[in-house]
Amino acid sequence: ERRCERGGKNIEAGHRSPAETMPKAPFTSDTYWPQWRRLRSLQHTAEGRCVVGKRAMWAAVVLCAWLPAIAGAQPNLDDGRRSFEVCAGCHGFLAEGNELVNAPRLAGLPSWYLERQMHDFVSGARGAAGDERGQRMAVMARAALGERELQDLLAYLATLPGKSAEPTLKGDAASGAPHYAVCAACHGQKAEGNEALGAPALASLDDWYLVRQLRLYAQGLRGYRADDTFGQQMRAMAGTLTDPAAQRDVAAYVRSLAH
């Protein structure tokens, strides 16, 4: 036996309520209005109020379950811009980077790659002891953003123009081309990147930043954790390019691909 809490009426097992015996006709104007009138009449009975109330409750549950997904479908660019104001102190107001504070260019980098790097800083996969600049960024990443704020920030960064960086190092692009042939397997012939392989575009990055990252990989200060699959792959490749002149040559060749 079950009891309708609001109506106080016992309903014997096996007995079907009037709402449960409503005809299952196709949803047409001929069937909708009679059923709607009958449902309205049920609201004047204790049992009817119970049935309608339960249906309203389940509708509210479903709506509440969907609201976060609906609200999260579109990132908030205004919130992303406000979050970026903190980052702009080092990375520049157009995310163009700043060599003086060793802050790389962010504009033009794909969102999936930036998101992965932020997670790496938060988890400790980047910012090892000995990487002072990486440690500073790790502190910022852990303190600054939640996941929703990060998505807003990434959406805002995607709206900024990704201009080509000017060369700052002296390197021989022609000498760097043979070395880059190995890199092209993941990063692409034009350094355009490959999301499926987890390889970011390189053509928009500053040459000084490229060289610095090659050195960090070669020194074991990036790609040092076993669960950082992409970092470990890159560390192995960078281990074959430890000569400073060759690193500058590769960076010069990558910069030539941006023009």
Can you name the closest pair of heavy atoms from D120 and S123 and give their distance?
O-OG, 3.3 Å
So which atom in P104 and which in N102 form the shortest heavy-atom distance, rounded to 0.1 Å?
CD-O, 3.7 Å
Side-chain donor/acceptor of H187 to backbone N/O of E192, under 3.5 Å:
no
Work out which heavy atom in A107 is nearest to a heavy atom in P161; give both atom names and the distance.
CB-O, 3.3 Å
Distance, nearest 0.5 Å, that separates CD of Q117 from CZ of R126
5.0 Å
Close side-chain approach of L169 to V211, heavy-atom, < 4.5 Å:
yes
Side chains of R222 and Y217: is there a donor and an acceptor less than 3.5 Å apart?
yes
Is the backbone of G198 close enough, under 3.5 Å, to the side chain of Y113 for a donor and an acceptor to pair up by distance?
no
Please check if L241 and L205 belong to a single hydrophobic cluster, counting links between Ile, Leu, Val, Met, Phe, Trp and Tyr side chain heavy atoms closer than 4.5 Å.
yes
Please determine whether residues M237 and L202 belong to a single hydrophobic cluster, defined as Ile, Leu, Val, Met, Phe, Trp and Tyr linked transitively by side-chain heavy-atom distances below 4.5 Å.
no
Restricting to non-hydrogen atoms, name the atom on G92 and the atom on F84 that form the minimum distance, rounded to 0.1 Å.
O-CZ, 3.2 Å
Scan R212, Q219, Q213 and name whichever one has a side-chain contact (heavy atoms from CB on, under 4.5 Å) with R215.
Q219
Would you name the heavy atoms of A95 and L160 that are closest together and state the gap between them?
CB-CD1, 3.7 Å
Quick check for you: to the nearest 0.5 Å, what is the distance between R225 atom CZ and Q232 atom CD?
10.5 Å
Please report the shortest heavy-atom distance between A88 and F93, naming the atom on each side.
CB-CD2, 3.8 Å
Assess whether a salt bridge exists between R148 and D152, defined as any Lys/Arg side-chain N lying under 4.0 Å from an Asp/Glu carboxylate O.
yes
Here the gap from R81 atom CZ to T159 atom OG1, rounded to the nearest 0.5 Å, amounts to 10.5 Å
So do the side chains of D131 and R133 get within less than 4.5 Å of each other, counting heavy atoms only?
yes
Between Y253 and W208, is there a shared hydrophobic cluster once you connect ILVMFWY residues whose side-chain heavy atoms come closer than 4.5 Å?
yes
What distance separates F121 CZ from Q135 CD, expressed to the nearest 0.5 Å?
10.5 Å
Just verifying a value: how many Å separate E149 CD and N76 CG, rounded to the nearest 0.5 Å?
10.5 Å
